[in-house]
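This report refers to the structure that appears directly beneath it.
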Amino acid sequence: MSENAPLVIIGTGLAGYNLAREWRKLDAETPLLLVTADDGRSYSKPMLSTGFSKNKDADGLAMAEPGAMAEQLKARILTHTRVTGIDPGHKRIWIGEEQVEYRDLVLAWGAETIRVPVQGDALDAIFPINDLEDYARFRAAAAGKRRVLLLGAGLIGCEFANDLSAGGYRIDVVAPCEQVMPGLLHPAAAAAVQAGLEGLGVRFHLGPVLNRLERAGEALEAHLSDGQVIPCDLVVSAVGLRPRIDLAAEAGLEVNRGVVVNRELRTSHANIYALGDCAEVDGLNLLYVMPLMNCARALAQTLAGKPTAVAYGPMPVTVKTPVCPLVVSPPPRGSDGQWLVEGSGADLKVLCRDTAGRLLGYALTGAAVGEKLSLNKELPALLA
Ligand SMILES: Cc1cc2nc3c(=O)[nH]c(=O)nc-3n(C[C@H](O)[C@H](O)[C@H](O)COP(=O)(O)OP(=O)(O)OC[C@H]3O[C@@H](n4cnc5c(N)ncnc54)[C@H](O)[C@@H]3O)c2cc1C
């Protein structure tokens, strides 16, 4: 390895750029290289699901061009450049035929959208929205259209349902589950959010899946597994994300749901670290901003020579469904608690407590979200 090999970060999402920022505060000199498959613009991904109500196109959401980021971070940034392999033994990565050496390597390459198997001649009208370029493509396709079929009733699906409704679209949601946000929300809170969205005109088809998407003149026909046929103009797929692990597995790194790292964000190989959506930190793969910010601060210290373990406090998630405000903090994995529902209509306080009365988690909807600050003080830390 050459003496002046850079710190290499793969990915310029919130994880990659925030780590670079934090690390530059501690080390102004070591060469830094960021490599990204996308255009390298800095943006806040959570804004992708409020773009229509805020009337912002992709350019309006971009906060900085890669040139400005390179200057700010004193870094070289390779955009539209896909890393194709990692060679931990020789401390180098592959970009096609080209090899690049690293001093330390950080995987911040995120998660990819899950694609559901759908038949038909209109599959090009299905849009996943997981980065700024996806969002730009969808906005261009949605111009002048009115009816959007949304696949998925999870957190992101519900946010898009609210946002696109606010943007003037008629929304049908199709998802093979019994309630919105299954696995995240208590059924009472889920019903409150669903009712709020229905009040905006969103129609839910919970249970079936989309089997076929066909062109019908200028429009589309969505054929569901229960026999329903829904006319629409385009489809947004929000069925979930899968952490990118393939290149890590090929390089012999330990992977599970995500790239496995310890509390110092170190993979099973020395000098290779991971954070953000791709990382499974001490068994937790949390696809949210707050955990990756904690990881960025801790990893910056480690990379600057002061090994630092990351800690996660309570991490409640504010879901961007303004028609029915929602904050949720699911109980820690494996915990056993009793749920209690207080309130009525849209304003619910749903608390999960253990047998000793300690708060394990909550879901707050409507006016009850005002109680989150006092409840947060009672919540357990996720990684103490
Ligand atoms: C619509 C939406 C709304 C959200 N809202 C919220 C919210 O309100 N609150 C919240 O906490 N979280 C929210 N999230 C989740 C949050 O945005 C993500 O957890 C976070 O942005 C992930 O950042 P990341 O840097 O790990 O991944 P990404 O932002 O996905 O970045 C991955 C980077 O890696 C690059 N890359 C991938 N593979 C390669 C390769 N082989 N070679 C080179 N580069 C590669 C990509 O081009 C990209 O630059 C939302 C997510 C979505 C999709």
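All values reported here derive from a predicted model rather than from experimental measurement. Values reported hereafter were calculated over all heavy atoms of this structure, with side chains retained and with hydrogens, waters and symmetry mates removed. We count ligands from 1, going down the list as the structure has it; atoms in each ligand are counted the same way.
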**Under 3.5 Å: N/O of D38 near N/O of ligand 1** = yes
**Minimum-distance protein heavy atom relative to atom 52 (C) of ligand 1** = I156 CD1, 3.5 Å
**Request:** Please report which non-hydrogen protein atom sits nearest to atom 25 (O) of ligand 1, along with the residue it belongs to and the distance in Å to one decimal place.
**Result:** A15 N, 2.9 Å
**Prompt:** Considering distance alone, does some N or O of V83 sit under 3.5 Å from an N or O of ligand 1?
**Reply:** yes
**L234 side chain near I126 side chain, heavy-atom distance below 4.5 Å** = no
**Prompt:** Can you list the atoms of ligand 1 that are under 4.0 Å from a heavy atom of G13?
**Reply:** 25 (O), 29 (O), 31 (O), 49 (O)
**Prompt:** Can a non-hydrogen atom of D131 be found less than 4.0 Å from any atom of ligand 1?
**Reply:** no
**Backbone or side-chain N or O of T318 under 3.5 Å from ligand 1 N or O** = no
**Request:** Below 4.0 angstrom from a heavy atom of A108, which ligand 1 atoms are there? Numbered from 1 as shown, please.
**Result:** 32 (C), 33 (C), 34 (O)
**Message:** Looking only at the side chains, is there a donor atom on one of H205 and Q228 sitting less than 3.5 Å from an acceptor on the other?
**Reply:** yes
**Request:** Answer yes or no: is there a side-chain heavy-atom contact under 4.5 Å between I86 and P88?
**Result:** yes
**Polar proximity ligand 1 side, L48 side, N/O cut 3.5 Å exclusive** = no
**Request:** Using a strict 4.0 Å cut-off to heavy atoms of G276, name the atoms of ligand 1 that fall inside it.
**Result:** 26 (O)
**Asked** Y102 versus I93: any side-chain heavy-atom pair under 4.5 Å?
**Response** yes
**Message:** Tell me whether ligand 1 is touched by Y17 - counting only heavy atoms on the residue side and a distance under 4.0 Å.
**Reply:** no
**Prompt:** Tell me: protein heavy atom nearest atom 27 (O) of ligand 1, and distance?
**Reply:** G110 CA, 3.5 Å
**Request:** Kindly give the heavy-atom pair with the smallest separation between P380 and P332, and that separation in Å.
**Result:** CG-CG, 3.9 Å
**Message:** What protein heavy atom lies closest to atom 11 (O) of ligand 1? Include the residue and the distance to one decimal.
**Reply:** V289 N, 2.8 Å
**Asked** In ligand 1, which numbered atoms sit nearer than 4.0 Å to a non-hydrogen atom of S49?
**Response** 1 (C), 3 (C)
**Message:** Between ligand 1 and L247, is the shortest N or O to N or O distance under 3.5 Å?
**Reply:** no
**Asked** Ring centroid separation for Y169 and F52, is it under 6.0 angstrom?
**Response** yes
**Message:** Under 4.0 Å from a heavy atom of T12: which atoms of ligand 1 are those, numbered in the order shown and with their elements?
**Reply:** 33 (C), 49 (O)
**Request:** Using distance alone, decide if ligand 1 has a nitrogen or oxygen within less than 3.5 Å of any nitrogen or oxygen in G16.
**Result:** no
**Asked** With atoms numbered from 1 as shown, which atoms in ligand 1 lie under 4.0 angstrom from a non-hydrogen atom of V35?
**Response** 43 (C), 44 (N)
**Prompt:** At what distance is the nearest protein heavy atom to atom 35 (C) of ligand 1, and which residue and atom is it?
**Reply:** G11 CA, 3.8 Å
**Prompt:** So which bit of L292 gets within less than 4.0 Å of ligand 1, heavy atoms only: side chain, backbone, both or neither?
**Reply:** side chain
**Contact atoms of ligand 1, heavy-atom distance to T81 under 4.0 Å** = 42 (N), 43 (C)
**Pair Y17-R21, side-chain donor/acceptor within less than 3.5 Å** = no
**Asked** Between D277 and R244, does at least one N-O distance fall below 4.0 Å, as a salt bridge requires?
**Response** no
**Request:** Find out whether V236 and I129 are in side-chain contact, i.e. whether some heavy atom of one side chain is under 4.5 Å from a heavy atom of the other.
**Result:** yes
**Asked** Strictly by modelled atom types, are T30 and D27 linked by a side-chain donor-acceptor pair under 3.5 Å?
**Response** yes
**Prompt:** Hey, are E221 and R215 close enough for a salt bridge, meaning a charged N less than 4.0 Å from a carboxylate O?
**Reply:** no
**Request:** Could you tell me whether D172 and R170 make a salt bridge, using a distance below 4.0 angstrom between a side-chain N and a carboxylate O?
**Result:** yes
**Message:** So that I can tick it off, tell me whether K320 and E159 are bridged by a salt bridge, with the cut-off set at under 4.0 angstrom between side-chain N and carboxylate O.
**Reply:** yes
**Message:** Residue-level breakdown please: for C278 versus ligand 1, do any non-hydrogen atoms fall below 4.0 Å on the side chain, on the backbone, on both, or on neither?
**Reply:** neither
**Request:** Report yes if some N/O of D277 lies less than 3.5 Å from some N/O of ligand 1; otherwise report no.
**Result:** yes
**Item:** Per-atom contacts of ligand 1 with F160, taking only distances under 4.0 Å to non-hydrogen atoms
**Value:** 1 (C)
**Prompt:** Tell me, which protein residue and heavy-atom name are nearest atom 15 (C) of ligand 1, and how many Å apart are they?
**Reply:** L287 O, 3.4 Å
**Item:** Heavy atom of the protein closest to atom 9 (N) of ligand 1 (residue, atom name, distance)
**Value:** P46 CG, 4.1 Å
**Prompt:** Taking the side chain as C-beta and beyond, is there a heavy-atom pair between L326 and V369 under 4.5 Å?
**Reply:** no
**Item:** Identity and distance of the protein heavy atom lying nearest atom 7 (C) of ligand 1
**Value:** K320 NZ, 3.3 Å
**Prompt:** If we only count N/O pairs under 3.5 Å, is N130 in contact with ligand 1?
**Reply:** no
**Message:** Measuring only between side-chain heavy atoms, which start at C-beta, is R146 closer than 4.5 Å to D233?
**Reply:** yes
**Close N or O approach (L14, ligand 1; < 3.5 Å)** = yes
**Request:** Decide, yes or no, whether a salt bridge links E371 with K349 under the criterion of side-chain N to carboxylate O below 4.0 Å.
**Result:** yes
**Prompt:** With the threshold set at 4.0 Å, does a side-chain nitrogen-carboxylate oxygen contact exist between E29 and R24?
**Reply:** no
